[in-house]
**Q** 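For reference, the structure I am asking about is given below.
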Amino acid sequence: MNDTDSRPSHFIRDIILEDNASGKHGGRVHTRFPPEPNGYLHVGHAKSITLNFGLAEEFGGKCNLRFDDTNPTKEETEYVESIIEDVRWLGGDFGGRVFYASDYFQQLYDWAVVLINKGVAYVCDLSSDQVRETRGTLTEPGKNSPYRDRSVEENLDLFARMKAGEFPDGSRTLRAKVDMASPNLNMRDPVMYRILHAEHHRTGDQWCIYPMYDWAHGQCDSIEGITHSICTLEFEDHRPLYDWYLDQLGVFHPQQIEFDRLNLTYTLMSKRKLLQLVQQGIVDGWDDPRIPTLSGMRRRGYSPEGLRNFARNLGVSKTNGITEFEKLEYYVREDLNRTALRVMTVLRPLKLVLTNYPEGQTEMLEAVNNPEDANAGTRQVPFSRELWIEQDDFREEPPKGYHRLYPGNEVRLRYGYIIKCQNALKDPATGRITEIHCTYDPDTRSGQQTRKVKSTIHWVAAATAIPLEVRLYDKLFTVENPNDVPEGQDFTTHINPNSLETVPAKAEPSLANAQPGSRFQFERLGYFCADKSSTAGRLLFNRTVELRDTWAKLQKKS
RNA sequence: UGGGAGGUCGUCUAACGGUAAGACUGCGGACUCUGGAUCCGCCUAUCGGGGUUCGAAUCCCUGCCUCCCAGCCA
C-alpha cells in the first residue's frame, strides 16, 4: 500500500500495546466505527475510520461498521447506503459485515428488565419539562423523581405497557436510578428509553420505545465483543455512565477511549450545519465538492489514498485544535502527483498563431502521461499553426521576473517547439488582446538537444481542441473559523460568494473519453476530476486543487 | 462559581527526569521541457509563578487560559 505514516505512535495505540502485554483481552483487538445514519460522512469521520480500521488491521483484529440507529425520527436508509459506500470507498474493511444497534433492540429490552428487577431502573411519569426542572443545574443537585421508588412489579408492568404502545409519546420514560446529586449531569437518573411512535427505517413499527445513546452504545459494544471503543472528546463525561451500565449488567466490559475530533480551517464539520447548507440550497447537495463530506470530496477528485494519508498523519491526541486546510491539500496533491495522468487544457483561451508554420499542417507530438510513473506511457498530441494558450501566459508588458510570452521573448511550447513572440493583435475598440503572433524554430522540436529557455507553457491545437466545462472551486468560507460569528448572525455570513466559477475551456483530444470520476493533472494548472455527470457529449470537470504556484505567490507579495 | 478534559514552533503532533524532534505552512537556494515534482538550507515553541532535583516540557504546589456537559439527540 502507498500509505505513508510518519507519525511515531499515539496514546490509543499505546493503550492497546499495554493491554496486549498484560493479556487483558488475550491479545484480541476489536474496534468499531459507529455512525448515526442521520447525514453523510465527512472528513472528520475519515479520521475515525482510518483510526478504527487502521488499528484493527495493525493488530490483526476486526473493526465493525455499526449503525447507531436508535433515533428513528432522524435516521434514513439513504444515509445508511451513503455511509456504506463512503466507508468502502475510503478502504475501511468491514468484511461485508454490517451491524445495527437496532439488531439488539430485544436484547437491550431484556437487559432493561434485568435492571428493573435489580431495582436500579424505574418508569418515570415526569414530562420532559419536569425532568429538566428537577435535574438541577451545573452547581445545584437535582431532585429525585416522585416515581423513583415505584415497586419492581409496577415498573415491570408499566415498562411492558410502554413497549406495548399503551402510552403516548413523551408521557413516560424508563430511567436509570443512579444519583440525582451527581456533579456529572449524565449520572442524574439518565433516561434509558423514551416513547416514540415512529417508523424506524429497519424495524418499522415493531417498537415504539427506543433506547437512548448511553443505554445502547456500551451494551452494543459488549455484545459485539468490542475491546476498545474509541469515540470523541465530548463523550468523556459519558464514560462513567458507560461503565455503570456495563457493571450493573455484569457483562463483557469494553474500554471507552476518547480522542480529539478533526477540525479544519475554512470548513464546517457539523452535520447539522452541513444539512442546513444542503437544505437551503447554498450548496448543490450532500456531494457538492465544496463541502467536506466524503462524497463531496470524492466528487471533487480527492483520492481515498490521499485522504487516508492525511488522516493517518494527523496524529491522535486529546487536544482540541484546528488543523490547517493546507495540510489536507498537501496529502491530496502528494497522491495525485504520483497517480494522475497529465493532459493539456487551456482554461482561459487566447489565440496564438505561428506565422511561419505551414497552414493546414498537423503533426503529432509525443507527450509523457505521467513523469512520476514510467509505466503510464506516452500519447500523441496534435500540433498545428493555430493554438490556444492561457491568457495568463502572455503579457504585453511583463512584470519583473515574468518568463512567459511577451513581445520579443522566447518560450517553449510543452512537447513542441521554442517560439518567439512577434506581436499582439488588439481589438481597437476595447484594447483587449485578441491574438498573438509568434514564429517557431523548426530546429527545436521536443526531444532534441537544443537551447534552453526560461519557461515552458502549455497549449491546445485550435483545430482539434475539444470543449470542456470546468468548475473552479474555491473555499466555501472566507474565514478560518466559520463558527466564529458576530452576535445575532450565523455561519452563513462567512460564505464566500465566489466559491464556484464555471469556465468554458479547451482541451487536447485525448480527454474526449475521460470517464466520470477519473482524475487528471491539467499541466501547470492543477488536478481535475471528471464530474459524475460528465459525458462524451458534455465534458464536465471539477477542479480538485491547484498546483502549487510559486509565481502566483511572488505576484501576491508585490 | 459544579464536574470532566486540555494548554509544546503560525498549525498539528513527538519527546514518559537527561541535547525540545517531525510534518504542514512560511522564507531562501539548487534543479527542471509543468514557475509542478524533487533536493538543500533557514525561521519560530514548552501558559505564568513558585518548588523538588546535579538536571524539569515531564514530578509537586499555585495561578491563568481554552474546550465539553443542564436533549425524552448522538
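Labels below follow one simple rule: chain letters A, B, ... track the order of the sequence lines, proteins then strands, and each chain is numbered from 1.
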**Q** Residues two or more places apart in sequence or in another chain: which of them pass ring-ring contact (aromatic ring centres under 6.0 Å, His included) with His458(A)?
**A** none
**Q** Sequence neighbours left out, what passes salt bridge (Lys or Arg N to Asp or Glu O under 4.0 Å) with Arg239(A)? Give chain and number order.
**A** Glu258(A)
**Q** Quick one: salt bridge (Lys or Arg N to Asp or Glu O under 4.0 Å) partners of Arg412(A), sequence neighbours excluded?
**A** none
**Q** Parallel, tilted or perpendicular, judged at 30° and 60°: which one describes the rings of Tyr109(A) and Trp207(A)?
**A** tilted
**Q** Under 3.5 Å, is there any donor-acceptor pair linking the side chain of Gln521(A) to the base of G36(B)?
**A** no
**Q** Side chain to side chain donor-acceptor pair (under 3.5 Å) with Glu199(A): which residues, sequence neighbours excluded?
**A** none
**Q** Quick one: stems involving RNA chain B, counted as three or more successive Watson-Crick or G-U pairs, both distances short of 3.5 Å.
**A** B:2-7 with B:64-69, B:10-13 with B:21-24, B:26-30 with B:38-42, B:47-51 with B:59-63
**Q** Go through the structure and list residues passing ring-ring contact (aromatic ring centres under 6.0 Å, His included) with Trp388(A), not counting sequence neighbours.
**A** none
**Q** Are Tyr213(A) and A74(B) stacked, counting the six-membered base ring, centres under 5.5 Å, planes under 30°?
**A** no
**Q** Which residues satisfy the salt bridge (Lys or Arg N to Asp or Glu O under 4.0 Å) test with Arg414(A), sequence neighbours excluded?
**A** Glu523(A)
**Q** Residues in ring-ring contact (aromatic ring centres under 6.0 Å, His included) with Tyr100(A), at least two apart?
**A** Phe67(A)
**Q** Please identify each residue that fulfils ring-ring contact (aromatic ring centres under 6.0 Å, His included) with Tyr415(A), with sequence neighbours left out.
**A** none
**Q** For Gly321(A), which contact category applies under a 4.0 Å heavy-atom criterion: base, sugar-phosphate, or nothing?
**A** sugar-phosphate
**Q** Could you pull out all residues at least two apart from Arg66(A) that satisfy salt bridge (Lys or Arg N to Asp or Glu O under 4.0 Å)?
**A** Asp221(A), Glu224(A)
**Q** Return the residues of residues 398-406 of chain A meeting this criterion: a heavy atom under 4.0 Å from some atom of RNA chain B. Order them by number, or give none.
**A** Gly401(A), Tyr402(A), His403(A), Arg404(A)
**Q** Going 5' to 3' along nucleotides 3-9 of chain B, which nucleotides have protein heavy atoms under 4.0 Å from the base (write B), which only from the sugar-phosphate (write S), and which from neither (write -)?
**A** BSSS---
